[in-house]
Amino acid sequence: QVQLVESGGGLAPAGGSLTLSCAASGLTFSNYAMGWFRQAPGKEREFVAALTGSGTTRFYADSVKGRFTISRDNAKNTVYLQMNSLRPEDTAVYYCAAGSSSKRGELYPYWGKGTQVTVSS
């Protein structure tokens, strides 16, 4: 059974930083691209960042480029999202997902339950 468990969310001031983690189990982790998505209240889920299984290729949404960094440790079956220069509009539930290397959520069959990130102005 595949499980993805996010952690590291919380409250941060605008301009602050948070690091999210997602621990995976039940799958051959290095075979999967990992993605981070987010959903704010009243809005659709949106792509944030993704990383190929080998970790060699990363891509980001324009809204987070230069502020967020996705990385992974295949020995620990964990993917990270380092978030710097946070803005109130980054407030959302953040989800990690395992699947194909894509910005499209439907190409990720496995999802975590999410972790709340709140950025105060």
Side-chain angles (χ1 to χ4, degrees):
Q1 181 180 0
V2 176
Q3 284 193 317
L4 302 177
V5 180
E6 302 96 337
S7 61
L11 178 65
S17 298
L18 283 174
T19 300
L20 305 183
S21 300
C22 172
S25 61
L27 76 171
T28 304
F29 185 68
S30 60
N31 287 354
Y32 288 85
M34 297 298 296
W36 286 97
F37 293 77
R38 67 187 182 186
Q39 187 166 21
K43 294 188 176 182
E44 293 187 354
R45 182 184 65 197
E46 64 174 357
F47 168 79
V48 175
L51 180 63
T52 54
S54 63
T56 54
T57 303
R58 298 173 170 84
F59 42 102
Y60 299 92
D62 288 344
S63 59
V64 307
K65 204 171 293 184
R67 300 188 298 122
F68 290 11
T69 302
I70 188 171
S71 62
R72 66 191 296 160
D73 185 337
N74 285 349
K76 295 182 178 179
N77 285 8
T78 301
V79 63
Y80 306 95
L81 186 68
Q82 173 69 44
M83 305 186 295
N84 298 326
S85 302
L86 284 164
R87 303 168 180 169
E89 53 264 38
D90 294 320
T91 295
V93 177
Y94 283 70
Y95 299 90
C96 73
S100 298
S101 181
S102 174
K103 296 182 178 182
R104 296 167 53 194
E106 59 267 32
L107 296 183
Y108 291 80
Y110 305 113
W111 291 80
K113 294 184 178 180
T115 185
Q116 176 71 47
V117 170
T118 302
V119 183
S120 61
S121 56

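Side-chain atoms are counted along with the backbone in the values below, which use heavy atoms only and exclude waters and symmetry mates. Just so it is clear, the structure is predicted and the values come from calculations on it, not from any experiment. Positions are given from 1 along the sequence.
Side chain of Q39 to backbone of A92: no donor-acceptor contact under 3.5 angstrom is found. Between the side chain of T52 and the main chain of T57, a donor-acceptor pair closer than 3.5 Å is present. Using modelled atom types, no side-chain atom of E6 and backbone atom of L20 make a donor-acceptor pair closer than 3.5 Å. Looking only at distances, a side-chain donor or acceptor of R67 sits under 3.5 Å from a matching main-chain atom of S85.
Here the closest heavy-atom approach between residue T78 and residue S21 is recorded as CG2-CB, 4.3 Å. For L27 against A98, the heavy-atom pair with the smallest separation is CD1-CB, 3.9 Å. The shortest heavy-atom contact between L81 and A49 is CD1-CB, 4.2 Å. Of all heavy-atom pairs spanning S121 and A14, the tightest one is CA-CB, 4.3 Å. Nearest heavy-atom pair across L107 and S102 is CD1-OG, 3.4 Å. For S17 against N84, the heavy-atom pair with the smallest separation is OG-OD1, 2.9 Å.
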Worked verdict on T69 versus Y60 for side chain to side chain contact (heavy atoms under 4.5 Å, CB included): CA-CA 8 Å; T69 302; Y60 299 92; 3.8 Å; yes

Salt bridge (Lys or Arg N to Asp or Glu O under 4.0 Å) evaluation trace for D62 with K65: CA-CA 5 Å; D62 288 344; K65 204 171 293 184; 3.1 Å; yes

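You'll find the side chain of F29 reaches within 4.5 Å of the side chain of M34, heavy atoms only. Under the 4.5 Å side-chain criterion, counting only non-hydrogen atoms from C-beta, V119 is not in contact with E89. Here the side chains of W36 and M83 are not in contact, with every heavy-atom distance at 4.5 Å or above.
Listed by first and then second residue, the ring pair (Phe, Tyr, Trp, His ring centres under 6.0 Å) pairs that reach into residues 64-109 are F37-Y108, sequence neighbours excluded.
Residues F59 and V48 do not share a hydrophobic cluster, defined by chaining ILVMFWY side chains whose heavy atoms lie under 4.5 Å apart. Both V2 and L51 belong to a single network of hydrophobic side chains, linked directly or stepwise wherever heavy atoms of I, L, V, M, F, W or Y lie under 4.5 Å apart.
Crowding of E106 atom CD: a count of heavy atoms from other residues, nucleotides or ligands under 6.0 Å exceeding 12. Shown here is Y110, whose OH atom has no more than 12 heavy atoms of other residues, nucleotides or ligands within 6.0 Å.
Expressed to the nearest 0.5 Å, how far OG of S25 lies from CG of L4 amounts to 7.5 Å. Rounded to the nearest 0.5 angstrom, Q82 CD and T19 OG1 are separated by 3.0 Å. Here the SG-CG distance, from C22 to N77, works out to 10.0 Å after rounding to the nearest 0.5 Å. Here the straight-line distance linking atom CD of Q116 with atom CG of L11 works out to 10.0 Å at 0.5 Å rounding.
Residues S54 and T56 bring a donor and an acceptor atom of their side chains to less than 3.5 Å of each other.
Under the salt bridge (Lys or Arg N to Asp or Glu O under 4.0 Å) criterion, E46 pairs with R38, sequence neighbours left out.
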